[in-house]
Amino acid sequence: MKKALIFMANGFEEIEAITLIDILRRAGVQVDMCSINEDLALKGAHDIQVRADILLSDVQDFNAYDALITPGGMPGSAYLRDNPIVTQAIRSFYNKDGKLIASICASPIVLEKAGITSELIGTCYPGFENKVGFKEYRKQAVVIDKNVYTSIGPGTAFCMALKLTEALAGKDKAQALYEQTMLQYS
């Protein structure tokens, strides 16, 4: 079974985090919600409260995961960016065979802090382009370059989730979830 770790801090964007978690779990991917706070309780940018599965301090080996994910939202993305453990984990996954990095909305600022965006074609929430510094910025739903998946914002979270599903669980599973969730009617 493939495993993904989603880093979460207070102020995370709920649509992005929960959509990615939900779709990947439906695909059979084990997704661990990882609080970078000192407790499991988290509050999203729009006051939705969730309980993480694990604390960052309890992660023994990031290499046990196939994907590292950063949801957007403010100030959640800034908290992730400012955490040296998160940025080091991201840096260690960059361009590594069998490992994926996914970052959505404002959270590519984490990728920038990890020192990888200048080598990437990517996307982020409009207005963050200068803070992220991609080699090339594209204003589109999902951009995949090397082993890094970026997505532009909350409305594209489902697209990102399906692209990650395809990478982690296969094209057939992604297509099945596309059909089962009625996305074709949107």
Rounded to the nearest 0.5 Å, how far apart are [atom1] of [X] and [atom2] of [Y]?
{"X": "Ser35", "Y": "Ile54", "atom1": "OG", "atom2": "CD1", "answer": "9.5 Å"}
{"X": "Ile69", "Y": "Leu164", "atom1": "CD1", "atom2": "CG", "answer": "5.5 Å"}
{"X": "Lys96", "Y": "Asp66", "atom1": "NZ", "atom2": "CG", "answer": "11.5 Å"}
{"X": "Ile116", "Y": "Asp145", "atom1": "CD1", "atom2": "CG", "answer": "10.0 Å"}
{"X": "Asp39", "Y": "Leu42", "atom1": "CG", "atom2": "CG", "answer": "7.5 Å"}
{"X": "Thr19", "Y": "Met160", "atom1": "OG1", "atom2": "CE", "answer": "11.5 Å"}

[X] vs [Y] side-chain heavy atoms within contact, under 4.5 Å:
{"X": "Val29", "Y": "Thr165", "result": "no"}
{"X": "Met74", "Y": "Glu13", "result": "no"}
{"X": "Phe62", "Y": "Gln88", "result": "no"}
{"X": "Ile104", "Y": "Thr150", "result": "no"}
{"X": "Glu16", "Y": "Cys105", "result": "yes"}
{"X": "Glu166", "Y": "Gln175", "result": "no"}
{"X": "Met8", "Y": "Val50", "result": "yes"}
{"X": "Leu120", "Y": "Lys135", "result": "no"}

[X] to [Y] - nearest heavy-atom pair and separation:
{"X": "Val110", "Y": "Arg81", "answer": "CG2-N, 3.5 Å"}
{"X": "Pro108", "Y": "Thr117", "answer": "O-CG2, 4.0 Å"}
{"X": "Arg51", "Y": "Met33", "answer": "O-CE, 3.1 Å"}
{"X": "Val148", "Y": "Tyr94", "answer": "CG2-CD1, 3.9 Å"}
{"X": "Val142", "Y": "Ser151", "answer": "CG2-OG, 3.9 Å"}
{"X": "Lys139", "Y": "Thr123", "answer": "CA-OG1, 4.1 Å"}

Please state whether the rings of Phe134 and Tyr137 are parallel, tilted or perpendicular, taking 30° and 60° as the class boundaries.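 If you compare the ring of Phe134 with that of Tyr137, the planes turn out parallel.
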Hydrophobic clustering (ILVMFWY, side-chain heavy atoms < 4.5 Å, transitive) - are [Y] and [X] grouped together?
{"X": "Ile101", "Y": "Val59", "answer": "yes"}
{"X": "Leu55", "Y": "Tyr79", "answer": "no"}
{"X": "Leu100", "Y": "Ile23", "answer": "no"}
{"X": "Leu111", "Y": "Ile85", "answer": "yes"}
{"X": "Val86", "Y": "Phe128", "answer": "yes"}

Is a donor from one side chain sitting under 3.5 angstrom from an acceptor on the other, for Asp32 and Tyr65?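 Note: Asp32 and Tyr65 side chains meet the donor-acceptor criterion.
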Side chains of Ser107 and Ser77: any donor to acceptor distance under 3.5 Å?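 Ser107 and Ser77 do not have a side-chain donor-acceptor pair below 3.5 Å.
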Result of checking Leu20, Leu168, Leu24 against Val31 for side chain to side chain contact (heavy atoms under 4.5 Å, CB included):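 Only one of Leu20, Leu168, Leu24 forms a side chain to side chain contact (heavy atoms under 4.5 Å, CB included) with Val31, namely Leu24.
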So with a 6.0 Å cut-off around CD of Glu136, is the heavy-atom count from everything else above 12?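 For Glu136, atom CD is crowded (more than 12 foreign heavy atoms under 6.0 Å).
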If you draw a 6.0 Å radius around CG in Asn130, do more than 12 non-hydrogen atoms from other residues or ligands fall strictly inside?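 Result for CG/Asn130: open.
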Hey, are Asp97 and Lys146 close enough for a salt bridge, meaning a charged N less than 4.0 Å from a carboxylate O?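 Salt bridge absent between Asp97 and Lys146.
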Tell me, with the steps shown, if Lys131 and Glu129 meet salt bridge (charged side-chain N to carboxylate O under 4.0 Å, His left out). CA-CA 5 Å; Lys131 296 175 185 172; Glu129 305 93 327; over 6 Å; no
Please report the C-alpha distance between Arg138 and Ile121 in whole Å, then the side-chain angles of each, then the deciding distance to 0.1 Å, and finally whether the side chain to side chain contact (heavy atoms under 4.5 Å, CB included) criterion is met. CA-CA 7 Å; Arg138 294 191 181 159; Ile121 299 168; 3.6 Å; yes
Evaluate Ile152 against Val143 for side chain to side chain contact (heavy atoms under 4.5 Å, CB included), listing each step before the verdict. CA-CA 9 Å; Ile152 201 165; Val143 176; over 6 Å; no
Treating Asn10 as the side-chain partner and Gly44 as the backbone partner, does any N or O pair qualify as donor plus acceptor under 3.5 Å?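 No: the side chain of Asn10 does not pair with the backbone of Gly44.
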Take Arg25 and Asp53 through the salt bridge (charged side-chain N to carboxylate O under 4.0 Å, His left out) test and state the conclusion after the steps. CA-CA 13 Å; Arg25 285 183 177 177; Asp53 302 309; 2.9 Å; yes
